[in-house]
Number of protein chains: 2
Amino acid sequence: MDSENVMTIREMCEAFDVTPRTLRFYEAKELLFPLRQGQRRLFTRRDRGRLKLILRGKRFGFSLEEMRQLLDLYDRGDAQEEQLRRTYEVARERLAQMESQRDELNEAIEELRGQLEWGAEMIASFRRPAAE
Amino acid sequence: MDSENVMTIREMCEAFDVTPRTLRFYEAKELLFPLRQGQRRLFTRRDRGRLKLILRGKRFGFSLEEMRQLLDLYDRGDAQEEQLRRTYEVARERLAQMESQRDELNEAIEELRGQLEWGAEMIASFRRPAAE
DNA sequence: AGCAAAGTTGACGTTAACGTAAGCGAAACG
DNA sequence: CGTTTCGCTTACGTTAACGTCAACTTTGCT
């Protein structure tokens, strides 16, 4: 399917279900580094690995900037011990954020549900509070 | 504290813990309709009631536009039956949205937690997938 | 009178992650 | 050789909810 283990932008789009714009955007943000054959981009296996991680990160709620930092950290591949711990921390922080976000959401849900259970009372709370 | 049951912008800010910019913004978006004494805004009891509901709505995750529509709906105060039901529906839809959002969040949390429990495996997933 | 405080109206800036369109070059196909 | 097709770059648009000036006018107080 590919002569030298590289993929065109369109092949990438189909493989990962993203738009060309997205790939170019990621390159501009220095998340991917496709080779060039003249003007055209050729995505290597490395790019594919990075993209996979980027998309996984997105599911976890990491921003592109956070993912870039994580990827860069390990691309240098030095000072392993320390770097690995940092990543681990970042991931755990993110987990904590997500949990607190979920809790907030749950509170809001409970509050709203409470109003709904009061039936018409809830609706009344949306009405003009007393006439003037 | 107020001659005719109206409040200045600053009094409102302190009472509701918002900035002047916010109140002017809400007015621009037709969520509030303060009176004018020359140039200055005077917020009535009605504005305070609306603001209270707006802030409550925000806690529930309603957008300002959604709140505007709800408030407008009841400001006209006609066709009560139908309107009330519409509001009720909107609220329930929002509740459903929030619940599905929470569920997604939970999935992401579980997924991330799963990786963390695998300890170093998780970290490895952030490393460059094999050298070239 | 004089000055600081409070208020006002623009209007541009911010953030994220792309969408979208214009205008152009190269390449593959028949 | 002509024409789709693919791709490229540049650059403005989008969305929400305000933040942050700048440049005035008005009020309140001494």
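Just so it is clear: chains get the letters A, B, ... in the order the sequence lines come, proteins before strands, and each one is counted from 1.
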Subject >> Lys/Arg N to Asp/Glu carboxylate O, R24(B) vs E27(B), below 4.0 Å >> reply: no
Subject >> Minimum-distance pair of heavy atoms, taken over all atoms of R48(B) and F43(B) >> reply: NH1-O, 3.3 Å
**OP:** To the nearest Å, give me how far apart CG (L64(A)) and P (dT15(C)) are.
**Re:** 15 Å
Subject >> Separation of dC18(C) P from M67(A) CE (nearest whole Å) >> reply: 13 Å
**OP:** Starting at CE of M67(A), measure out to CG of D72(A) and round the result to the nearest 0.5 Å.
**Re:** 10.5 Å
Original post:
From dT9(C), dG7(C), dC18(D), pick the nucleotide closest to the side chain of R36(B)?
Top reply: dT9(C)
**OP:** Please figure out whether R21(A) or Q39(A) has its closest DNA chain C nucleotide nearer the 5' end.
**Re:** R21(A)
Subject >> Rounded distance in Å - CD (Q37(A)) to C1' (dG7(D)) >> reply: 12 Å
**OP:** State whether T19(A) places a side-chain N or O below 4.0 Å from either non-bridging phosphate oxygen (OP1 or OP2) of dC18(C).
**Re:** no
**OP:** Examine dG7(C): is either OP1 or OP2 under 4.0 Å from a nitrogen or oxygen in the side chain of R41(B)? Give yes or no.
**Re:** no
**OP:** Would you jot down, in residue-number order, the residues of residues 22-31 of chain A having a non-hydrogen atom under 4.0 Å from DNA chain C?
**Re:** T22(A), F25(A), Y26(A)
Original post:
Can you tell me how far C1' of dT9(C) sits from CD1 of I9(B), to the nearest Å?
Top reply: 12 Å
Original post:
Side chain of R40(A), base of dC6(D): donor and acceptor closer than 3.5 Å?
Top reply: yes
**OP:** Mind listing the closest non-hydrogen atom pair of E66(A) and G61(A) along with its distance?
**Re:** OE1-O, 4.2 Å
Subject >> Whole angstrom value for the distance that separates P of dA27(C) from CG of L42(A) >> reply: 12 Å
Original post:
Which of these passes side chain to side chain contact (heavy atoms under 4.5 Å, CB included) with F25(B): L32(B), L64(B), V18(B)?
Top reply: L64(B)
**OP:** Rounded off to whole Å, could you give me the CD1-to-C1' distance for the I54(B) and dA16(D) pair?
**Re:** 15 Å
Original post:
In whole angstroms, how far is the P atom of dC18(C) from the CG atom of L51(A)?
Top reply: 11 Å
Original post:
Within less than 4.0 Å of OP1 or OP2 of dA6(C), is there a side-chain N or O belonging to T8(B)?
Top reply: no
Subject >> Interatomic distance where CG belongs to L55(B) and C1' belongs to dA17(D) [whole Å] >> reply: 13 Å
Original post:
How long is the span from the CG atom in D47(B) to the CG atom in L42(B), to the nearest 0.5 Å?
Top reply: 10.0 Å
Original post:
In chain order, what residues pass the side chain to side chain contact (heavy atoms under 4.5 Å, CB included) check against R40(B), with sequence neighbours excluded?
Top reply: none
